[in-house]
Participant: 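I have a structure here, written as structure tokens, and I will follow up with some questions on it.
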Amino acid sequence: MASIEDLMSPAERICSLQENMSEAADDLLVENKFARPRGSQIYAPSYGVGMVVVIKDKPRIDFKLELYPNETEEPHFKVTYQNATCRFKISDCTPMKAEIKNGIPTPIKKIMKVIRQVWANNREDIVRAWMETRPSNQNHGHQHIR
């Protein structure tokens, strides 16, 4: 029997992976006290007296991880956090040369531990997603991943 992942297109799998890693990073950022989880929100509807609804929101932090397998550069992923971005090599999670030269944004520097942990926990999936979504006419970069 085919799993749901087997039925997904490569683009859908990469989107799912990015979403899962972004959520994992959100959790780690809260765990490491880089951000506070949203507390309970209390809503009192206009109808009914004394009705109160408490909603627990999952933390949602401005963290996004994206893969770009269609580019001709060395295999990399991009992290966006607090309106700052930085590209990292898939092979070893180090910042790309341009990022080092231009300076890694401060918000990204602060969460390097979280980025490395998310990369370490998902490295095989990142490599597989990058390889599977690579255009057939581009083979540049494969030698840099392993």
Side-chain angles (χ1 to χ4, degrees), residues 1-45 51-136 138-146:
M1 183 176 219
S3 70
I4 292 174
E5 191 171 293
D6 293 336
L7 300 174
M8 295 171 126
S9 72
E12 290 171 326
R13 282 200 303 275
I14 206 169
C15 286
S16 175
L17 175 63
Q18 288 174 169
E19 186 176 314
N20 291 341
M21 288 189 296
S22 292
E23 286 182 19
D26 275 356
D27 294 341
L28 286 169
L29 287 169
V30 170
E31 191 178 302
N32 289 294
K33 300 186 175 27
F34 285 104
R36 292 186 191 150
R38 293 186 200 163
S40 301
Q41 295 183 14
I42 300 173
Y43 296 94
M51 288 182 69
V52 176
V53 179
V54 178
I55 299 172
K56 293 264 188 197
D57 280 334
K58 184 176 192 278
R60 193 68 226 154
I61 298 155
D62 182 21
F63 185 97
K64 186 166 58 169
L65 191 143
E66 298 171 293
L67 290 170
Y68 292 96
N70 197 22
E71 294 185 0
T72 56
E73 297 176 307
E74 186 172 344
H76 67 280
F77 59 92
K78 182 171 92 172
V79 170
T80 304
Y81 177 66
Q82 294 183 347
N83 296 324
T85 62
C86 188
R87 297 172 306 152
F88 294 87
K89 297 176 191 175
I90 289 176
S91 60
D92 58 5
C93 196
T94 58
M96 300 285 281
K97 286 180 186 174
E99 272 67 4
I100 293 170
K101 181 180 174 186
N102 297 329
I104 299 168
T106 302
I108 302 290
K109 280 184 187 176
K110 289 181 180 178
I111 63 164
M112 291 295 283
K113 178 181 171 185
V114 170
I115 294 168
R116 287 192 180 105
Q117 191 169 350
V118 171
W119 170 81
N121 293 344
N122 296 280
R123 185 175 188 278
E124 290 177 16
D125 292 330
I126 294 170
V127 169
R128 185 172 54 247
W130 192 89
M131 297 287 265
E132 288 177 358
T133 55
R134 197 79 180 130
S136 58
Q138 292 182 6
N139 60 8
H140 173 79
H142 289 82
Q143 68 275 13
H144 296 290
I145 288 186
R146 299 201 169 108

Participant: For the residue pair Ala129 and Leu17, what are the closest heavy atoms and their distance?
Facilitator: CB-CD2, 3.7 Å
Participant: Can you confirm whether Thr85 sits close enough to Val79 that some side-chain heavy atom of one is under 4.5 Å from a side-chain heavy atom of the other?
Facilitator: no
Participant: Tell me whether Glu66 is salt-bridged to Lys64, with the criterion being a basic N under 4.0 Å from an acidic carboxylate O.
Facilitator: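 A salt bridge links Glu66 with Lys64.
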Participant: Measure the shortest side-chain to side-chain distance between Phe63 and Thr80 over non-hydrogen atoms and say whether it is less than 4.5 angstrom.
Facilitator: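 The answer is no; the side chains never approach within 4.5 Å.
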Participant: After noting the C-alpha distance and the side-chain angles of Met21 and Ile126, does the key distance pass the side-chain contact (heavy atoms from CB on, under 4.5 Å) rule?
Facilitator: CA-CA 10 Å; Met21 288 189 296; Ile126 294 170; 3.7 Å; yes
Participant: Are the side chains of Phe77 and Val118 in contact, using a 4.5 Å heavy-atom criterion?
Facilitator: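 A side-chain contact is absent here, since even the closest heavy-atom pair is not under 4.5 Å.
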Participant: Between the main-chain N or O of Arg87 and the side-chain N or O of Glu99, is there a donor-acceptor pair closer than 3.5 Å?
Facilitator: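 Yes.
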Participant: Checking Glu132 now: which residues fulfil side chain to side chain donor-acceptor pair (under 3.5 Å) with it, not counting sequence neighbours?
Facilitator: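 Glu132 satisfies side chain to side chain donor-acceptor pair (under 3.5 Å) with Arg13 once adjacent residues are dropped.
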Participant: Compare every heavy atom of Lys109 with every heavy atom of Ile104, then report the nearest pair and how far apart it is.
Facilitator: O-CE, 3.3 Å
Participant: With sequence neighbours excluded, tell me which residues meet side chain to side chain donor-acceptor pair (under 3.5 Å) with Thr94.
Facilitator: Asp92
Participant: Taking C-beta and beyond as the side chain, do Leu65 and Lys78 meet within less than 4.5 Å on heavy atoms?
Facilitator: no
Participant: Would you give the length of the straight line joining atom CG of Asn122 to atom CZ of Arg128, rounded to the nearest 0.5 angstrom?
Facilitator: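 CZ of Arg128 is found 10.5 Å from CG of Asn122.
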Participant: Within the 4.5 Å heavy-atom criterion, are Gln82 and Pro105 side-chain neighbours or not?
Facilitator: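 No - every pair of side-chain heavy atoms lies 4.5 Å or more apart.
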Participant: If you round to the nearest 0.5 Å, how far is CD1 of Ile111 from OH of Tyr81?
Facilitator: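 Those atoms lie 5.5 Å apart.
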Participant: Does any part of the side chain of Trp119, heavy atoms only, come nearer than 4.5 Å to the side chain of Lys89, both counted from C-beta?
Facilitator: no
Participant: Would you say the side-chain atoms of Ser22 pair up with the backbone N or O of Gln18, donor to acceptor, closer than 3.5 Å?
Facilitator: yes
Participant: Tell me, yes or no, whether the heavy-atom count around Lys110 atom NZ, taken from other residues, nucleotides or ligands under 6.0 Å, exceeds 12.
Facilitator: no
Participant: Kindly compute the distance separating NE2 (His76) from SG (Cys86), expressed to the nearest 0.5 Å.
Facilitator: 10.5 Å
Participant: Can any side-chain N or O of Trp130 pair as donor or acceptor with the backbone N or O of Leu67 at less than 3.5 Å?
Facilitator: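 Answer holds: no.
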Participant: Would you indicate whether the side-chain heavy atoms of Ile115 and Cys93 approach each other to under 4.5 Å?
Facilitator: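 Yes, their side chains come closer than 4.5 Å.
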